[in-house]
A.B. asks: 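Have a look at this one.
So that the names make sense, note that chain A is the first sequence line, chain B the second, and so on, each numbered from 1. Reckoned from all heavy atoms, side chains included, excluding hydrogens, waters and symmetry mates.
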2 protein chains.
Amino acid sequence: MRLSTKAQYAVRAMVRLNLEQKDSPVSIREISTHENISLTYLEQLFAKLRRGKLVRSVRGPGGGYILARPAADIKVDQIIDSVEETLIPVSCMDEFGNCACSDQCVTHTVWQELGERIRGFLSSVSIEDLTNDARARIHRQREEQRKTE
Amino acid sequence: MRLSTKAQYAVRAMVRLNLEQKDSPVSIREISTHENISLTYLEQLFAKLRRGKLVRSVRGPGGGYILARPAADIKVDQIIDSVEETLIPVSCMDEFGNCACSDQCVTHTVWQELGERIRGFLSSVSIEDLTNDARARIHRQREEQRKTE
DNA sequence: GCATTCCTGAGCATTACTGTCAACTATTAA
DNA sequence: TTAATAGTTGACAGTAATGCTCAGGAATGC
Ligand code: FES
Ligand code: FES
């Protein structure tokens, strides 16, 4: 029951993108350094994020990526969908809760509800939420440092 | 973000065990036929369930397995724990929400909360709940059949 | 042109998953 | 006692997914 690193990286990258974004695009290299993720691997992920219409790309020098929508409108579950990881806990079920053997199967109900809860939670968290969280964290860290100096 | 079949099978097997259990033990072979799971694979799973103290085994002719506790006291999350599948969505985190880099990491909060929700839900569902659900389902099926006859 | 950046697809090593097999031990009905 | 039943163990193997690299190509701005 683990998220793949692909999904984890994608979310981290998106948050980082929003943290670093001012007016100009953010290059993949910048994200790679900050988040310590292989540059070539990130390229793959961003290709998917672009296809999922969560980011827009700008080519050429000074280019990079920008969020395609306001951070508050981008939810974690959309990011995970984009990199093609499912949020459904069992392989026999589709996104509507349909199974081949929905009547015989004794565990249908649990997995369906579980899937709904996972989706429900992750669709309630936006990139903006996480960015604010991260900012608060960075701020707190600075305070701590000041104290110890 | 999928449960392994191991976890799925284990839950199905436990529900089936409770469905079939009257006063005598239920053999693994019986479960294998009902749930259509490889007998030898089931053996592995029940070994783990036994070590997790969720079932007790009875050897000899007429032997098999019985639930170690009332069905209402056995929760789905315990079964999944027994077969050694984690419910924590990321590998960097332990069961208490501790990470090596909890302060730098921008996504710590989401994964921790997600993990808590998954655990929360699965610990609220007991084998008894699922068994009743299955009984109701079987009943409904019979009704349907009667109508079409 | 040329450096910078994104873009694409192939490839590959490692690991996890799913399941099988064979041999062994314990229990008990007859 | 003995045969039948059933659990126990550990090794093994095929397959698929994962996580990542590499080599090159295409767009863009200077
Ligand atoms: S068949 Fe898919 S959960 Fe029942
Ligand atoms: S380091 Fe594990 S979630 Fe942050």
A.B. asks: Identify the 5'-most and 3'-most nucleotides of DNA chain C with at least one atom closer than 4.0 Å to a non-hydrogen atom of chain A.
C.D. replies: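 Nucleotide range in contact with chain A: C:dA3 to C:dA10.
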A.B. asks: Can a salt bridge be assigned to the pair A:E113 and A:R117 using a cut-off of 4.0 Å between side-chain N and carboxylate O?
C.D. replies: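 Answer for the salt bridge query: yes.
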A.B. asks: In whole angstrom, give the distance that lies between atom NZ of A:K48 and atom P of D:dT18.
C.D. replies: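 So the two atoms are 10 Å apart, to the nearest Å.
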A.B. asks: To the nearest Å, give me how far apart CG (B:L45) and P (D:dG10) are.
C.D. replies: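 So the CG-P distance, B:L45 to D:dG10, works out to 16 Å.
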A.B. asks: Using a heavy-atom cut-off of under 4.0 Å over every strand shown, decide if B:R51 touches base, sugar-phosphate, or nothing.
C.D. replies: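 Here B:R51 touches the backbone only, sparing every base.
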A.B. asks: Between protein and nucleic acid, restricted to nucleotides 21-25 of chain D and to nitrogen or oxygen atoms under 3.5 Å apart, what atom pairs and distances do you find?
C.D. replies:
residue, atom, partner, partner atom, Å
D:dT21, OP2, A:S38, OG, 2.4
D:dT21, O4, A:Q44, NE2, 2.5

A.B. asks: I need the CZ-C1' distance between A:R56 and D:dA27, as an integer number of Å.
C.D. replies: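 The distance from CZ of A:R56 to C1' of D:dA27 comes to 17 Å, rounded to the nearest Å.
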A.B. asks: What is the distance, to the nearest angstrom, from the CZ atom on B:R29 to the P atom on D:dG7?
C.D. replies: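 One finds 9 Å between P of D:dG7 and CZ of B:R29, rounded.
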A.B. asks: Using only heavy-atom distances, determine whether the side chains of A:Q112 and A:H108 contain a donor-acceptor pair under 3.5 Å.
C.D. replies: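 Yes.
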A.B. asks: Could you verify whether a donor N or O on one side chain and an acceptor N or O on the other, from B:R137 and A:T109, lie under 3.5 Å apart?
C.D. replies: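 Yes.
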A.B. asks: Roughly how many Å is it from CZ in B:R50 to C1' in D:dA6, rounded to a whole number?
C.D. replies: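 Computing the B:R50:CZ to D:dA6:C1' distance gives 12 Å.
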A.B. asks: Does atom CG of A:D94 have more than 12 heavy-atom neighbours from other groups under 6.0 Å away?
C.D. replies: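 Yes - once you tally the heavy atoms of other residues, nucleotides and ligands closer than 6.0 Å, there are more than 12.
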A.B. asks: Would you give the length of the straight line joining atom CG of B:L42 to atom CD1 of B:I28, rounded to the nearest 0.5 angstrom?
C.D. replies: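 Here the interatomic distance stands at 5.5 Å.
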A.B. asks: Under 4.0 Å from OP1 or OP2 of D:dG19: is there any side-chain N or O of A:Y9 that close?
C.D. replies: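 So the side chain of A:Y9 is outside the cut-off, no N or O lying under 4.0 Å from OP1 or OP2 of D:dG19.
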A.B. asks: Measuring from atom CG of A:L87 to atom CG of B:L114, what distance do you get when rounded to the nearest 0.5 angstrom?
C.D. replies: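 Answer for the CG-CG pair, A:L87 versus B:L114, is 8.5 Å.
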A.B. asks: Starting from C1' on D:dA17, measure out to CZ on A:R2 and report it in whole angstrom.
C.D. replies: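 Whole-Å distance recorded here is 16 Å.
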A.B. asks: Verify the neighbour count for atom CZ of A:R29: are there more than 12 heavy atoms of other residues, nucleotides or ligands below 6.0 Å?
C.D. replies: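 No, because the 6.0 Å sphere around CZ of A:R29 holds 12 heavy atoms or fewer from other groups.
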A.B. asks: Quick one: label B:Y65 by what it contacts on the DNA or RNA (base, sugar-phosphate, nothing), any heavy atom closer than 4.0 Å.
C.D. replies: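 Sugar-phosphate contact only.
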A.B. asks: Does the side chain of B:L130 reach to within under 4.5 Å of the side chain of A:V110, using non-hydrogen atoms?
C.D. replies: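 Side chain of B:L130 against side chain of A:V110, heavy atoms only: contact under 4.5 Å found.
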A.B. asks: Do B:M93 and B:N98 have side-chain heavy atoms sitting under 4.5 Å apart?
C.D. replies: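 Sidechains of B:N98 and B:M93: no contact.
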